[in-house]
Engineer: 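Attaching a single structure in structure tokens format; questions to follow.
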Amino acid sequence: MGQPNSVLILGGSGQAGAGAAAVLRRWHPELPLTIAGRDLGRAQRVADELGAATAATVDLRRGDLGLPTDGEYLAVVAALWDNRMQGLRYAQERGLPYLSISSGLVDIAPEIVASAQRPDSPPVLVASHFCAGIGVLATLHAAREFEQIDTIRIGAVLDELDAGGPAGLADLERWATATSAGLVRRDGVFTWVAESDARTYVPSSDGILVPGQSIAILDVPSLALATGAPNVRFDFAVGESARRRRGGPASVEVRIDVEGTGPGGQPRSLRRYLVHSEGQRPLTALGVALGVERLLGLRGEAVVPPGVHTPEALIDASYAAERLAEIGAEFVDAPGDR
């Protein structure tokens, strides 16, 4: 049974769920958490490590998720792909905020429609962005001094040894099956780019070009609409990371390229990397934790308006940058930054 008024984390024993739970525990030691998974023993181990947490078995085939009828929760976090959307329905029927990270751009339609059908339901935070919105927030922070932004190009290099656990790998495979095309904004128009034209190379921080391609990801419309930039694309590559080439563990790198004008209308460009020496897991965990914190009003007021929200609409980019520094992430200038 979950603790009274706890945050219910579906997939809480996986990499993203357990990582987010650990971050929330550091920030808010008294916040009750319920770690829900198919393997009760694994969920219990995570809960025991956290303290002030309980474990529960979850069945995503059931409308009640297989949870006790007297369970009381503050919010529902889907840290895994819920293909029947039972977690969302569970949250809506109980008037709880909901956060998801695994739908991707290609699978958000059910969440959008479910929210539209219940316009008075609590907020839904769609965070199926790269690292649960951290890439978007980092870009907005890095580009905060631009007066006008003309072009944004993001290039993420994910180490092939750091693709996540089974759930994360399944997400990547599902998204690749849904479409091999990339979504870009070009001259103000959102455009699908065929696989052959989407292929590119992503420059790693050590100068190595890693084969990749433009992908269909929520970061593109989020950044385009948040900044007004008429040209936005997100390139994704999986390969050996720069840190592992130097003999270290797998790392993650997000290259941020921005073109536009600065104060006084002078041309300005930005070339920067967001890097973390421990890979994508800390970034994704942080993205989820920031979303939960904001939904519940654990920092600032709780999100009151119903409807669908995205990370950049709820989370202050400067605050996210502070939290990134706390977990060991770094912004590193790339050649050509000025």
Side-chain angles (χ1 to χ4, degrees), residues 1-2 6-21 33-43 46 54-129 132-133 163-179 216-218 284 287-288 291-292 295 306-311:
M1 181 182 298
S6 64
V7 176
L8 175 64
I9 305 179
L10 307 178
S13 57
Q15 285 196 11
L33 302 171
T34 295
I35 307 302
R38 289 176 298 180
D39 185 332
L40 182 59
R42 185 177 175 187
V46 173
T54 55
T57 303
V58 66
D59 185 349
L60 295 178
R61 297 169 298 180
R62 296 175 49 171
D64 63 1
L65 302 179
L67 296 170
T69 57
D70 59 350
E72 297 181 1
Y73 302 102
L74 294 171
V76 177
V77 176
L80 77 176
W81 171 233
D82 177 11
N83 57 4
R84 290 180 172 85
M85 294 293 146
Q86 299 285 24
L88 175 57
R89 182 66 68 179
Y90 184 91
Q92 288 182 322
E93 291 179 349
R94 289 158 180 80
L96 304 174
Y98 173 85
L99 183 154
S100 70
I101 65 170
S102 295
S103 298
L105 184 146
V106 296
D107 283 322
I108 61 170
E111 293 173 335
I112 302 299
V113 172
S115 299
Q117 289 177 347
R118 298 194 180 196
D120 296 325
S121 295
V124 171
L125 176 52
V126 176
S128 295
H129 303 63
L169 291 171
D171 286 343
L172 292 176
E173 292 176 3
R174 190 179 76 256
W175 298 337
T177 299
T179 180
I217 192 167
L218 282 168
T284 303
V288 176
V292 172
L295 283 174
V308 178
H309 304 265
T310 53

Engineer: Is the closest side-chain heavy-atom distance between Pro97 and Leu125 below 4.5 Å?
Structural biologist: no
Engineer: Quick one: pull up CD in Gln92 and CG in Asp120 and give me the separation to the nearest 0.5 Å.
Structural biologist: 11.0 Å
Engineer: As an exercise, state the distance from CE of Met85 to OG of Ser103, rounded to the nearest 0.5 Å.
Structural biologist: 4.5 Å
Engineer: Kindly indicate, with the supporting measurements, whether the criterion side-chain contact (heavy atoms from CB on, under 4.5 Å) is fulfilled by Leu88 and Glu111.
Structural biologist: CA-CA 8 Å; Leu88 175 57; Glu111 293 173 335; 4.2 Å; yes
Engineer: Closer than 3.5 angstrom, by distance alone: can the side chain of Glu93 be matched with the main-chain N or O of Gly63 as a donor-acceptor pair?
Structural biologist: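 Between the backbone of Gly63 and the side chain of Glu93 there is no qualifying donor-acceptor contact (under 3.5 Å).
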Engineer: Using every non-hydrogen atom in the two residues, find where Leu60 and Trp81 come nearest and quote the distance to one decimal.
Structural biologist: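 Reported closest heavy-atom pair: CD1-O, 4.3 Å.
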Engineer: Out of curiosity, Thr69 OG1 to Asp64 CG, how far, rounded to the nearest 0.5 Å?
Structural biologist: 8.5 Å
Engineer: Which value, rounded to the nearest 0.5 Å, describes the distance between Ser102 atom OG and Asn83 atom CG?
Structural biologist: 11.0 Å
Engineer: Would you give the length of the straight line joining atom OG1 of Thr310 to atom CG of Leu218, rounded to the nearest 0.5 angstrom?
Structural biologist: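 Those atoms lie 8.5 Å apart.
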Engineer: Under the criterion side-chain contact (heavy atoms from CB on, under 4.5 Å), I'd like the reasoning laid out for Arg118 against Arg89: C-alpha separation, chi angles, the key distance, then a yes or no.
Structural biologist: CA-CA 10 Å; Arg118 298 194 180 196; Arg89 182 66 68 179; 2.8 Å; yes
Engineer: Measure across Leu10 and Gly87 and return the closest heavy-atom pair with its distance rounded to 0.1 Å.
Structural biologist: CD1-CA, 4.0 Å
Engineer: Determine the minimum heavy-atom distance between Tyr90 and Leu8, stating which atoms define it.
Structural biologist: CE2-CD2, 4.2 Å
Engineer: Taking the side chain as everything from C-beta on, heavy atoms only, tell me whether Gln86 gets closer than 4.5 Å to Arg61.
Structural biologist: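 They are not in contact (no side-chain heavy atoms under 4.5 Å apart), so the answer is no.
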Engineer: Write down the atom of Ile35, the atom of Ser13, and the distance for their closest heavy-atom approach.
Structural biologist: CG2-N, 3.8 Å
Engineer: Tell me, yes or no, whether the heavy-atom count around Arg94 atom CZ, taken from other residues, nucleotides or ligands under 6.0 Å, exceeds 12.
Structural biologist: yes
Engineer: Count the heavy atoms of every other residue, nucleotide or ligand shown that sit under 6.0 Å from CZ of Arg42, and state whether that count exceeds 12.
Structural biologist: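 No, the 6.0 Å shell around CZ holds no more than 12 heavy atoms from other groups.
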Engineer: Any idea which heavy atoms bring Gly11 and Ala79 closest together, and the distance?
Structural biologist: O-CB, 4.1 Å
Engineer: With distance as the sole test, does Asp59 use its side chain to make a donor-acceptor pair with the main-chain N or O of Gly66 at under 3.5 Å?
Structural biologist: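 Not a single qualifying donor-acceptor pair exists.
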Engineer: State, to 0.1 Å, how close Ala43 and Gly37 come at their nearest heavy-atom pair, and which atoms those are.
Structural biologist: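 In terms of heavy atoms, the two residues are closest at CB-N, 4.4 Å.
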Engineer: To the nearest 0.5 Å, what is the distance between NE2 (His129) and CG (Leu105)?
Structural biologist: 9.0 Å
